[in-house]
Amino acid sequence: MNDIIAYFSTIPSSHRSLILVGGITFFWLIENAFPLFNFTYKKWHHAGINIFMTFTTIVVNFCLAFILLKSADWTIANNFGILQWLPEMPLWLYALVGLLLLDLIGAYLVHLVEHKTKFLWRFHLIHHTDTWIDTTTANRHHPGESVIRFTFTAMGVLIIGSPMWMVFLYQTLSVVATQFNHANISLPKRVDTILSYFIVSPDMHKVHHHYILPYTDSNYGNIFSIWDRLFGTFMTLPKEEIIYGIDTHPKPEEHNELKNLLKIPFQKQSLK
């Protein structure tokens, strides 16, 4: 555990980039070999849109990263936050509690709020317009949404009192988890079901991408599935019945053109 802490305390940006690119490449190769759905689409065009938005997410996070660093350092220096107020515990448990809480605020809560707040939904909607969910969809976020999600992560760091190594560890696990649960792969049903009791499995998350309510408003988790189960937002749907996309933007010119996707938050019809 000490080695993990030491590594993530000083993890180079190049390593973080390698994990991001390596994850996409790994899951892309798997989904090409063993796809859940055999899509008929221009894969490279689709990937180009999603990778562009992944790049804008990286830029936003890079430009604002100093806020996370200052926040984490402040909580430790001032003994502030949930983790700082808990009794002494084994290091592995301390890390697990911190990761669970970061996932609650930085993933589950912001995701829930985006679905329930009309203004924020305008930005998150872009993620749901994708009708060909694969591993590149993982970071298909409008730049505006990237700022929103960063804000919740920073708030989480302050409330939880997370040291910076834990933030880097969480972000790394989050990237790999979202690439995994968006990948166009099919696990044996029993394996997927067992996984879904602990982490967000591919079948579990794909229910969230079904094109109509109430399924769109379910399974908000990213890494851990406990929050959906605990707060009653967990739902299931046979993968054979899942239809990707969102019913308000069914046309290719709405969901498969970058220029329009960037404009959606500012279009009147983007309201949920």
Side-chain angles (χ1 to χ4, degrees), residues 24 27-43 45-47 49-50 53 107-108 111-116 121 124-141 145 176-257 261 264 269-272:
I24 291 177
F27 290 117
W28 193 336
L29 290 173
I30 292 178
E31 66 185 16
N32 273 317
F34 308 102
L36 170 59
F37 297 116
N38 291 305
F39 296 131
T40 302
Y41 69 126
K42 295 180 179 178
K43 191 173 180 70
H45 174 76
H46 172 258
I49 291 174
N50 292 347
M53 292 189 175
Y108 180 88
H111 201 173
L112 175 68
V113 172
E114 285 179 326
H115 276 252
K116 302 302 181 182
W121 171 252
H124 182 56
L125 171 63
I126 283 73
H127 184 69
H128 281 270
T129 59
D130 201 337
T131 57
W132 304 294
I133 304 298
D134 63 20
T135 194
T136 69
T137 309
N139 289 296
R140 180 189 171 106
H141 299 306
E145 182 181 6
V176 175
T178 195
Q179 290 171 346
F180 169 62
N181 58 46
H182 282 89
N184 182 33
I185 58 178
S186 180
L187 299 178
K189 182 173 178 56
R190 182 172 175 78
V191 172
D192 194 285
T193 299
I194 292 173
L195 282 177
S196 72
Y197 282 103
F198 306 98
I199 64 172
V200 178
S201 65
D203 284 1
M204 175 182 169
H205 188 72
K206 288 177 175 63
V207 173
H208 179 75
H209 280 277
H210 190 53
Y211 78 111
I212 55 174
L213 295 170
Y215 299 101
T216 309
D217 286 352
S218 70
N219 300 0
Y220 296 111
N222 184 33
I223 299 177
F224 303 105
S225 60
I226 184 175
W227 304 122
D228 281 298
R229 293 180 179 276
L230 185 62
F231 296 122
T233 52
F234 177 78
M235 293 189 72
T236 61
L237 181 69
K239 51 192 173 187
E240 297 80 12
E241 298 179 21
I242 293 175
I243 300 174
Y244 294 140
I246 196 74
D247 55 357
T248 58
H249 292 73
K251 300 176 183 178
E253 59 268 26
E254 294 175 312
H255 63 69
N256 198 36
E257 291 186 7
L261 288 171
I264 282 179
Q269 65 270 27
S270 67
L271 291 175
K272 193 176 182 183

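The only member of Thr216, Asp217, Thr233 that meets side chain to side chain donor-acceptor pair (under 3.5 Å) when paired with His115 is Asp217.
No side-chain donor from either of Tyr108 and Asn219 sits under 3.5 Å from a side-chain acceptor of the other. No hydrogens or angles considered: nothing links the side chains of Asn50 and Asn139 as a donor-acceptor pair under 3.5 Å. A donor atom on one side chain and an acceptor atom on the other are found under 3.5 Å apart for His111 and His208.
Atom NZ of Lys206 sits about 16.0 Å away from atom CD1 of Ile243, to the nearest 0.5 Å. Expressed to the nearest 0.5 Å, how far OG1 of Thr136 lies from CG of Asp134 amounts to 3.5 Å. Summarising the geometry, atom CG belonging to Leu237 is positioned 13.5 Å from atom CE belonging to Met204; distances are rounded to the nearest 0.5 Å. How far OG of Ser201 is from CD1 of Ile185: 9.5 Å, rounded to the nearest 0.5 Å. Atoms OG1 and OH, from Thr236 and Tyr215 in turn, are 7.5 Å apart once rounded to the nearest 0.5 Å.
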Evaluation steps, side chain to side chain contact (heavy atoms under 4.5 Å, CB included), between Arg229 and Tyr197:
CA-CA 9 Å; Arg229 293 180 179 276; Tyr197 282 103; 3.7 Å; yes
Return all side-chain donor-acceptor pairs below 3.5 angstrom for residues 28-37, not counting sequence neighbours, or 'none' if the list is empty.
| from | atom 1 | to | atom 2 | distance (Å) |
| --- | --- | --- | --- | --- |
| Glu31 | OE1 | Thr135 | N | 3.3 |
| Glu31 | OE1 | Asn184 | N | 2.7 |
| Asn32 | ND2 | Trp28 | O | 3.1 |

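Between the side chain of His182 and the backbone N or O of Thr178 there is at least one donor-acceptor pair closer than 3.5 Å. With hydrogens and angles disregarded, no donor-acceptor distance shorter than 3.5 Å links the side chain of Asp130 to the backbone of Arg140.
Heavy-atom minimum distance, Phe180 versus Leu187: CZ-CD1, 3.9 Å. Of all heavy-atom pairs between Ile133 and Thr137, the closest is CA-OG1, 3.6 Å. The two residues Asn222 and Ala107 come nearest to each other via the heavy atoms CB-CB, 3.7 Å.
Ring-plane geometry between His205 and His127 is classed as tilted, the angle between the planes lying from 30 to 60 degrees on a 0 to 90 degree scale. In this structure, His128 and Trp121 have tilted ring planes: the angle between them lies in the 30° to 60° band.
In this view, Glu240 and Pro238 satisfy the side chain to side chain contact (heavy atoms under 4.5 Å, CB included) rule, not counting sequence neighbours.
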